[in-house]
Amino acid sequence: MATTPLDRTRVARAALKLLNETGLEGLSLRAIAKELDVKAPALYWHFKDKQALLDEMATEMLRRMSEELAADAPTGAEWPDALSAALRGLRRHLLMYRDGAKVYSGTRFTDMSYAAPMEAHLRMLTGGGFTPGAAARAWLTGYSYTIGYVIEEQSMGPDPAKEGGGYDLAARADRLAAYPLAAAAGDEMFRDYDAGFEKGLAAVVAGIGATMRDAPGA
């Protein structure tokens, strides 16, 4: 049996390691207990249910992400470049974990790790001409686009635990033969996720600038 005392962070780190092997559906407190060489009931001292564990996992992901992104943040960049860099970094980190975006989405952070990076993002936007309210809406818009994109990317793209895989576009096109535009859309929607993200990101950032910056009453 393990002799190192359990704490929430240690459990979350073990869970993130297992996540890449099992995916979110296969992740369980029993499997994590086996990884840590403890009895499953020991984990309930720290987490009342799986959602509480997911909250801690997302918080640990944020801690790791914030440290790296702060070091890599462009200095003196205009707000569109700084916002784009932050959202690219968010996507990159979510992709480090199988089902990472699903784990991260809809969770409640368990400590104040989010406060400093959020303050920095909002300060960057207010320094670029956004009111505080518009800056908050701008950040949430870009953040939501990125998380949603990665959820779809990880759901429809190749499974990292398997050889190949991903959406069978030829079969999709056959099913949609009577709908030629919908059939052809598959190549744009489900191929080259990096390029697709960049196209969407450019549209989101341009839209933020056009509709939220200096917006009256924002």
Side-chain angles (χ1 to χ4, degrees), residues 1-72 86-118 143-169 171-172 190-191 193-194 196-197:
M1 299 297 290
T3 57
T4 304
L6 280 180
D7 59 29
R8 293 173 64 89
T9 299
R10 184 174 169 226
V11 176
R13 289 174 178 171
L16 288 172
K17 178 177 178 290
L18 273 179
L19 181 67
N20 286 333
E21 300 172 10
T22 68
L24 185 56
E25 287 189 7
L27 188 68
S28 67
L29 290 174
R30 183 180 298 276
I32 297 164
K34 183 178 180 181
E35 174 72 18
L36 291 167
D37 194 21
V38 298
K39 298 293 186 182
L43 301 185
Y44 287 98
W45 285 101
H46 302 283
F47 303 102
K48 64 180 181 179
D49 52 29
K50 188 172 180 179
Q51 184 57 55
L53 172 63
L54 293 176
D55 290 346
E56 191 64 36
M57 291 169 64
T59 304
E60 177 62 18
M61 290 167 67
L62 176 66
R63 294 185 195 112
R64 298 175 181 183
M65 185 191 317
S66 298
E67 183 175 345
E68 181 179 317
L69 295 186
D72 293 342
L87 296 176
R88 288 187 191 106
L90 173 61
R91 174 176 175 254
R92 184 173 69 252
H93 275 265
L94 294 176
L95 288 173
M96 290 179 181
Y97 307 93
R98 185 176 171 188
D99 294 330
K102 287 182 179 179
V103 171
Y104 203 78
S105 175
T107 53
R108 294 172 182 258
F109 297 127
T110 61
D111 62 23
M112 297 291 286
S113 299
Y114 68 89
M118 177 180 284
Y143 178 89
S144 299
Y145 162 70
T146 303
I147 291 179
Y149 187 93
V150 179
I151 287 175
E152 292 298 318
E153 178 179 8
Q154 292 186 313
S155 296
M156 304 304 295
D159 187 334
K162 301 176 182 177
E163 292 292 332
Y167 207 162
D168 186 338
L169 294 181
R172 178 184 183 277
F190 304 113
R191 238 189 254 284
Y193 287 102
D194 291 343
F197 177 78

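Keep in mind that this is a model prediction, so the values were computed, not measured.
For the atom pair Glu60 CD and Leu16 CG, the distance stands at 6.5 Å (nearest 0.5 Å). One distance of note links CE of Met156 with CZ of Arg172; it measures 8.5 Å at 0.5 Å rounding. Separation of atoms CZ (Arg98) and CG (Leu19) is listed at 8.0 Å; rounding is to 0.5 Å. Rounding to the nearest 0.5 angstrom, the gap separating the OG1 atom in Thr146 from the CG atom in Leu87 is 4.0 Å. Note that the CG atom of Leu95 and the CG atom of Leu90 stand 9.5 Å from one another [nearest 0.5 Å]. A distance of 10.5 Å separates CZ of Arg92 from CZ of Phe197, quoted to the nearest 0.5 Å.
Under the salt bridge (Lys or Arg N to Asp or Glu O under 4.0 Å) criterion, Arg91 pairs with Glu153, Asp194, not counting sequence neighbours. Applying the ring-ring contact (aromatic ring centres under 6.0 Å, His included) test to Phe109 and every residue at least two apart in sequence or in another chain returns Tyr104, Tyr114. Applying the salt bridge (Lys or Arg N to Asp or Glu O under 4.0 Å) test to Arg108 and every residue at least two apart in sequence or in another chain returns nothing. A search for side chain to side chain donor-acceptor pair (under 3.5 Å) contacts involving Thr59 returns Thr110, not counting sequence neighbours. Not counting sequence neighbours, the partners of Asp111 by the salt bridge (Lys or Arg N to Asp or Glu O under 4.0 Å) test are Arg63. For Lys34, there are no side-chain contact (heavy atoms from CB on, under 4.5 Å) partners two or more places apart in sequence or in a different chain. Residues passing the side chain to side chain donor-acceptor pair (under 3.5 Å) test with Glu35, sequence neighbours excluded: Lys17. Taking the ring-ring contact (aromatic ring centres under 6.0 Å, His included) definition, one finds that Tyr97 meets it with nothing, sequence neighbours left out. A search for ring-ring contact (aromatic ring centres under 6.0 Å, His included) contacts involving Phe47 returns nothing, not counting sequence neighbours.
Checking side-chain atoms of Tyr193 against main-chain N and O of Gln154 turns up no donor-acceptor pair under 3.5 Å.
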- Task: Apply side-chain contact (heavy atoms from CB on, under 4.5 Å) to the pair Leu53 and Ile32, showing each step before the final yes or no.
- Result: CA-CA 11 Å; Leu53 172 63; Ile32 297 164; 3.2 Å; yes
Worked check of side-chain contact (heavy atoms from CB on, under 4.5 Å) between Leu54 and Met57:
CA-CA 5 Å; Leu54 293 176; Met57 291 169 64; 4.0 Å; yes
- May I have the step-by-step check of side-chain contact (heavy atoms from CB on, under 4.5 Å) for Met61 and Leu94, ending in yes or no? CA-CA 8 Å; Met61 290 167 67; Leu94 294 176; 3.9 Å; yes
### Query
Going through the distances and angles, do Glu152 and Phe190 end up as a side-chain contact (heavy atoms from CB on, under 4.5 Å)?
CA-CA 9 Å; Glu152 292 298 318; Phe190 304 113; 5.6 Å; no
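Nearest heavy-atom pair, Ser113 versus Ser66, reported as atom, atom and distance to 0.1 Å: O-OG, 4.4 Å. Contact record, Arg8 with Ala52: NH2-O, 4.2 Å, taken as the closest heavy-atom pair. Taking every heavy atom of both residues into account, Leu43 and Ala33 meet most closely at CD1-N, 3.7 Å.
Counting heavy atoms from C-beta on, the side chains of Arg191 and Leu169 come closer than 4.5 Å.
Sequence neighbours left out, the pairs with a member in residues 46-55 that pass side chain to side chain donor-acceptor pair (under 3.5 Å) are Gln51-Asp55.
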With a cut-off of 3.5 Å and sequence neighbours excluded, list every side-chain donor-acceptor pair involving residues 23-31.
{"unit_1": "Ser28", "atom_1": "OG", "unit_2": "Ala31", "atom_2": "N", "d": "3.0"}

